[in-house]
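Read through the structure below, which is laid out as structure tokens, and then see the notes.
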Amino acid sequence: MNFAETLHTNPIFEVIARRAAALDVRAFVIGGFVRDLVLKRPSKDIDIVCIGSGIDLAESVGRTLNVPVIVFKNFGTAMLRTGGSEPEEAPETTDPADRWEVEFVGARKESYRSESRKPIVEDGTLEDDQNRRDFTINAMGISLNESDFGQLLDPFGGLDDLRRKIIRTPLDPTITFSDDPLRMMRAIRFASQLGFDIEPDTFDAIVAMKDRIAIVSRERITDELNKIILSPRPSYGFKLLFHAGLLDLIFPELVALKGVETIEGKGHKDNFYHTLQVLDNVADRSDDLWLRWAALLHDIAKPATKRFDPRVGWTFHGHEDLGAKQVPGIFRQMKLPLNEKMRFVKKLVRLHLRPIALVKEQITDSALRRLLIEAGEDLEALMTLCRADITSKNYDRVKKHLTNFDKVERKLRELDERDKLRNFQPVITGELIMEAFGLKPSKEVGQIKTAVREAILEGTVANTLEAAVPYMLEEGRKFGLEPVKELTINPELVNEKPSPSGNIP
Ligand code: CTP
């Protein structure tokens, strides 16, 4: 297979090829870029491996492109960005499609590891380098050399594995995973992102070596976990993690949801599979990582709150409050951010039962209002989670619940509009009108005020001084009124908070 034509569409490859030829080293595009090229997936990173010094080649390319090169001497790698060294530094005229991050490395016999602290000791051939990569689909190279420019170099049948949708290590999986145990998670992450199977020997090795994950940093594990969560059907990745035995090691709280207990013939649903279904349902509706985390954690306190009551069966009273309390601890342990993202997840876990409690016909405005205020700007996300939480297999029941949610949402919207209208304050006050025209309290003042208010409510005039003052003057003129000379707006006469949200519905 030859990719010469495709490579010619991006000038960076010709520059690299020319600089490599000038330095008399052979260079190849390798890894994820090649995989994504075959899969026709977009990618932004280009990895180049050369038989010689990757740093020298990078510096030569950097000089030609006139861009800075960042050198990691210990790793024997160097990196540059085309179209501006930082995305925000890129000139506005640069097409984002021309911004590439290019990493250069000399081929080595050592294992390739993005965070290896070991210095590079031994140079190698292209084959040595390919041998030491994680999966056959990530070990394909494309030549940038004059004699065979664009030629695919695929010693392990990566192309075939892409076609057959298989994740497989190039060497005996025990060797590949010993080099970097994070690769066990990467196997599952790629399977989940691409909808691939993991080849049985590779999977068996994960099962056998799962404990080795303990030497990997939490940040790298969480990075892979987030990629699984963001994949199209995350439940698939989580089931693989569970069956491999990795989930118990990296996320035991989730595994604790698994299982069904039966007492006196009464069982409850398996909250592990329920949670994964909710996660998939959210994934169908939103790409937001944090909303997906909220789905994953919404029932996390069910094991701790589970009780059996002979009259009603199983209960999980208070699991939403206890679950919300557990969120910061889980985030801390996972090295996830402890900022507003965490507070968002916590809020959604705490509120996830509230909308369903509002389904009752005779619901009071104050109950609705309390939810509106508590959910604030996250109401839509909360409703997405609540809809996703309906995992009944009974079609009629699902339909009934969804219709009920429509009703609750309508009621919430109506109340919100009513509240906004009631609390609405135009920026222009009666006092301001009197001062502007030099008037005493009179009918005209009220009429001008009403006209301004109506125009703002209609949306033809914004509720700001800049827009409303000229309109007020215009209305005054209709009554034959002229503003006082040197009209200045006394800030004390202005409504500071024109409306709850600053906008009029
Ligand atoms: N690689 C590896 N072992 C690792 C990490 C990376 O062998 N633990 C190799 C693979 O050949 C991989 C390449 O380095 O294709 C680039 O790694 P990375 O940028 O992490 O992944 P990509 O494959 O590019 O995929 P993504 O961008 O989706 O993370």
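Indexing begins at 1, ligand by ligand and atom by atom, following the structure's order. The shown structure was predicted, so the numbers you read here are calculated from the model rather than taken from an experiment. Residues: numbered from 1 along the sequence shown.
- Only the side chain of D180 comes within 4.0 Å of ligand 1, counting heavy atoms alone; its backbone N, CA, C and O stay farther away.
- A donor-acceptor contact closer than 3.5 angstrom links the side chains of H268 and K306.
- Proximity to G32 (heavy-atom distance under 4.0 Å) selects the following atoms of ligand 1: 15 (O), 23 (O), 24 (O).
- The closest approach between L182 and ligand 1 stays at or above 4.0 Å for every heavy atom of the residue.
- Results of the side chain to side chain contact (heavy atoms under 4.5 Å, CB included) test with P155 over Q130, M140, E127 single out Q130 as the only residue that passes.
- The distance criterion of under 3.5 Å between nitrogen or oxygen atoms is met by R133 with respect to ligand 1.
- Side chains of D172 and T174: a donor on one and an acceptor on the other come within 3.5 Å.
- Taking every non-hydrogen atom of D47 and a distance limit under 4.0 Å, the qualifying atoms of ligand 1 come out as 16 (C).
- Listed by first and then second residue, the salt bridge (Lys or Arg N to Asp or Glu O under 4.0 Å) pairs that reach into residues 194-217 come to none, sequence neighbours excluded.
- When only modelled atom types and interatomic distance are considered, D128 and T125 share a side-chain donor-acceptor pair under 3.5 Å.
- Residue contacts with ligand 1 include F190, since one of its heavy atoms falls under 4.0 Å from the ligand.
- Interface of R183 with ligand 1, defined as ligand atoms under 4.0 Å from a residue heavy atom, comprises 2 (C), 3 (N), 4 (C), 7 (O), 8 (N).
- By the 3.5 Å distance cut-off applied to N or O atoms, R186 is counted among the residues near ligand 1.
- For ligand 1, the polar-atom distance check against D45 finds no nitrogen or oxygen pair separated by under 3.5 Å.
- Heavy atoms of M184 stay at 4.0 angstrom or farther from ligand 1.
- Inclusion of G31 in the set of residues having an N or O under 3.5 Å from an N or O of ligand 1 is not warranted.
- If you number the atoms of ligand 1 from 1 as listed, the ones under 4.0 Å from a heavy atom of K227 come out as 29 (O).
- S392 and N394 form no side-chain donor-acceptor contact under 3.5 Å, judged by distance and modelled atom types alone.
- Of the N or O atoms in R132, none lie within a sub-3.5 Å distance of an N or O in ligand 1.
- Of the heavy atoms in R189, only side-chain atoms (C-beta onward) come closer than 4.0 Å to ligand 1.
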Between D299 and F316, is the side chain to side chain contact (heavy atoms under 4.5 Å, CB included) condition met? List the steps. CA-CA 9 Å; D299 277 349; F316 303 91; over 6 Å; no
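- Between the side chain of S192 and the backbone N or O of I188 there is no donor-acceptor pair closer than 3.5 Å.
- Contact of the M184 side chain with the V216 side chain is not registered, since no non-hydrogen atoms from C-beta on lie closer than 4.5 Å.
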